[in-house]
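In what follows, a single structure is set out as structure tokens and then discussed.
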Amino acid sequence: MWAIVGLGNPGPRYSKTRHNIGFMVIEAIAEKHKIELLEKKLYLSGRGDIEGTPVVLIKPLTFMNLSGRAVKDVLKRFNIPNEKFIVIHDDMDMETGKIKIKNKGRGGGHKGVESIISSIGGEDFIRVKIGIGRDPSIPSEDYVLSKFKRVEMSSIKEAIETVGVAVAGILAQGIERAMNRFNKRSVDVRGI
């Protein structure tokens, strides 16, 4: 079984904000694969399968900076090794809508990822990063909690769909093939 974790902040105030792109992807994957998300103490979770691979989808309810608490609980509960979980999160240093798959590595200043690394005691897990852009005139902590602009929505919707396909690719074909295929400027998801 694989764990697929989308990072974000719980509650309507944060819904559809840039920092919640991980939640949006989990919701899209859950809808596509008909996986119901149920509330547990620290997270929403749902078990199902993606292209025949058993998965548990996770939306931590611990707020971004404490995401590691929920992830550690999930990995322990389902006995999932670090190398069999994927974290989906926003990245301010990437162009809005661009995606990048990364195998292992540091947190890069992302508090949610850093919380996971600290909680599980390692960096050896897969990340799927989605660019949310940056506005130098707005402090970072305010920018990540802002909503996407109308002109950005088509690229965000496409990115959410592409990440769902990329996750299926990781599960079916492995991380190396998925990185070769999806770590490009743009990907045509038709026919995938």
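Quantities reported herein were computed from a predicted structural model and do not represent experimental measurements. FYI, the numbering just counts along the sequence from 1. Below, each value reflects all heavy atoms present in this structure, side chains not excepted, and no hydrogens, waters or symmetry copies.
I130 CD1 to I156 CD1: the interatomic distance, rounded to the nearest 0.5 Å, is 7.0 Å. Atom NZ of residue K72 and atom CG of residue L42 lie 11.5 Å apart, to the nearest 0.5 angstrom. Atoms CG and CZ, from L7 and R127 in turn, are 10.5 Å apart once rounded to the nearest 0.5 Å. Note: I160 CD1 to F23 CZ = 13.0 Å, rounded to the nearest 0.5 Å. With rounding to the nearest 0.5 Å, the separation of CD1 in I120 from CD1 in I80 is 11.5 Å. Taken from CD1 in I35 to CD1 in I50, the straight-line distance is 5.5 Å, to the nearest 0.5 Å.
Under the 4.0 Å criterion applied to side-chain N and carboxylate O atoms, E152 and R18 are assigned as salt-bridge partners.
Considering only heavy atoms from C-beta on, V71 stays 4.5 Å or farther from Y43 through its side chain. Side chains of K40 and R77 form a contact here, defined as non-hydrogen atoms less than 4.5 Å apart. Using a 4.5 Å cut-off on side-chain heavy atoms (C-beta onward), I4 and F85 make no contact. Counting only heavy atoms from C-beta outward, the side chains of I101 and I126 approach each other to under 4.5 Å. At a threshold of 4.5 Å between non-hydrogen side-chain atoms, the residues I58 and P60 count as touching. The side-chain heavy atoms of V163 and I21, taken from C-beta on, include no pair separated by under 4.5 Å. Under the 4.5 Å side-chain criterion, counting only non-hydrogen atoms from C-beta, R181 is not in contact with E176. Side-chain contact between I88 and V5 is absent, with no heavy-atom pair separated by less than 4.5 Å.
Residue pairs satisfying the side-chain hydrogen bond (donor to acceptor under 3.5 Å, both in side chains) criterion with at least one member in residues 2-16, sequence neighbours excluded, are absent. Sorted by first and then second residue, the pairs that involve residues 44-71 and meet side-chain hydrogen bond (donor to acceptor under 3.5 Å, both in side chains), not counting sequence neighbours, are E27-K59.
In the displayed structure, K100 atom NZ is contacted under 6.0 Å by at most 12 heavy atoms of other residues, nucleotides or ligands. Within a 6.0 Å sphere centred on NZ of K157, heavy atoms belonging to other residues, nucleotides or ligands number 12 at most. Atom CD of Q173 has more than 12 neighbouring heavy atoms from other residues, nucleotides or ligands inside a 6.0 Å radius. Within 6.0 Å of atom CG in N79, 12 or fewer heavy atoms from other residues, nucleotides or ligands are found, so the atom counts as exposed in its surroundings.
Side chains of Y143 and R134: no donor on one and acceptor on the other come within 3.5 Å.
Cluster membership check: V55 shares its hydrophobic cluster with L37, using side-chain heavy-atom separations under 4.5 Å among Ile, Leu, Val, Met, Phe, Trp and Tyr. No single ILVMFWY cluster, assembled from side-chain heavy atoms under 4.5 Å apart, contains both M179 and M94.
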(request) Would you sort out whether V128 and I86 count as a side chain to side chain contact (heavy atoms under 4.5 Å, CB included), showing the intermediate values? (result) CA-CA 7 Å; V128 180; I86 300 168; 3.8 Å; yes
(request) Go through the steps to decide whether I26 and M24 satisfy the test side chain to side chain contact (heavy atoms under 4.5 Å, CB included), and finish with yes or no. (result) CA-CA 6 Å; I26 292 296; M24 293 179 220; over 6 Å; no
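Remark: the backbone N or O of I132 is not paired with any side-chain donor or acceptor of D90 at under 3.5 angstrom. At least one donor-acceptor pair under 3.5 Å links the side chain of S115 to the backbone N or O of G68.
Of all heavy-atom pairs between M92 and S140, the closest is CE-OG, 3.5 Å.
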